[in-house]
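Below you'll find the structure, written out as structure tokens, and then a few comments.
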Amino acid sequence: MAYWLMKSEPDVFGIDDLKRVRREPWDGVRNYQVRNMMRDDMHKGDLAFFYHSNCEQPGIAGIMRIVGGARPDPAQFDPESRYYDPKSSPDDPRWLLVDVGYQRKLKRNISLHELKCCPELAEMPLVRRGNRLSVMPVTAAQWNFILALE
DNA sequence: GCCAACGTTGGC
DNA sequence: GCCAACGTTGGC
């Protein structure tokens with residue numbers, strides 16, 4: 001089983017939203033590197049940190065599980081969607097999503113600032129300059145270390 | 001295939 | 001709101 005960190009803006013969709021709906025298609029990924037990771041490396045049963053980005057206190061807010069493997073993101077075919085991609089076709093879908101399920105909130109939000117201060121996490125793309133991945137792998141050691149901060 | 005222009009991400 | 005970083009686009 002693999003571990004991940006997935007970013008979302010809480011103003012758009014946060015951990016409390018996932019808690020309410022229990023399960024959600026993680027749509028809108030429009031980055032090839034992330035798409036390839038979802039396609040090749042993400043599997044049903046994997047666990048992921050829910051990270052709040054672009055907000056007052058960026059950080060890890062909860063844990064979710066991958067409950068469905070990669071499948072075409074319907075939003076890419078919807079002209080009304082902000083994720084519409086006219087260059088994609090149902091015959092050859094360009095963008096994928098995975099389905100995630102609510103697991104739990106962390107007892108406290110673990111802020112980006114705090115994560116940045118941990119030498120043990122220095123290799124995480126999250127704390128590295130210029131990183132723009134909205135989904136990134138987390139090693140078992142990093143996962144356990146972060147949970148121990150809780 | 002190069003690279004300038006442009007758009008997006010996301011911390012601050 | 002600013003802006004650094006970086007991915008994508010498209011002219012050549």
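Just so we're on the same page: letters track the sequence lines, and every chain starts at 1.
The aromatic rings of A:Trp143 and A:Phe49 sit parallel, their planes meeting at an angle under 30°, below the 60° perpendicular limit.
One atom, CG of A:Asp85, and another, P of B:dT8, lie 13 Å apart when rounded to the nearest Å. Taking atom CD1 of A:Ile60 as the reference point, atom P of B:dG11 lies 12 Å away to the nearest angstrom. Between A:Leu126 atom CG and B:dC12 atom C1' the separation is 15 Å, expressed in whole Å. Per the geometry, CG belonging to A:Asn31 stands 10 Å off C1' belonging to C:dC6, to the nearest Å. Here the P atom of nucleotide C:dG1 and the CG atom of A:Asn54 are 13 Å apart, to the nearest Å. Straight-line distance from the CG atom of A:Leu112 to the P atom of B:dG11: 6 Å, rounded to whole Å. One interatomic measurement links the two molecules: CG of A:Asp11 to P of B:dT9, which rounds to 14 Å at whole-angstrom precision. One atom, CG of A:Asn131, and another, P of C:dG7, lie 10 Å apart when rounded to the nearest Å.
With hydrogens and angles ignored, the 3.5 Å screen pairs a side-chain donor or acceptor of A:Asp73 with a backbone N or O of A:Gly28.
The 5' end of DNA chain C is approached more closely, in terms of each residue's nearest nucleotide, by A:Gln33 than by the other of A:Lys87 and A:Gln33. Map A:His113 and A:Arg132 each onto its nearest nucleotide of DNA chain B; the residue landing nearer the 5' end is A:Arg132.
The shortest distance between the side-chain N/O atoms of A:Lys7 and the OP1/OP2 oxygens of B:dT9 is not below 4.0 Å. Put simply, A:Tyr51 has a side-chain N or O that comes within less than 4.0 Å of OP1 or OP2 on B:dG11. In this model, the phosphate group of C:dA4 is not approached by any side-chain N or O of A:Arg129 to a distance below 4.0 Å at OP1 or OP2.
A:Gln57 CD: more than 12 foreign heavy atoms inside a 6.0 Å radius.
Here the two rings, on A:Phe50 and A:Trp4, have centers that are 6.0 Å apart or farther.
Cluster annotation: A:Leu126 and A:Leu149 are assigned to the same hydrophobic cluster (Ile/Leu/Val/Met/Phe/Trp/Tyr, side-chain heavy-atom contacts under 4.5 Å, transitive).
Nearest to the side-chain atoms of A:Lys116 among the listed nucleotides C:dT9, B:dC12, C:dT8 stands B:dC12.
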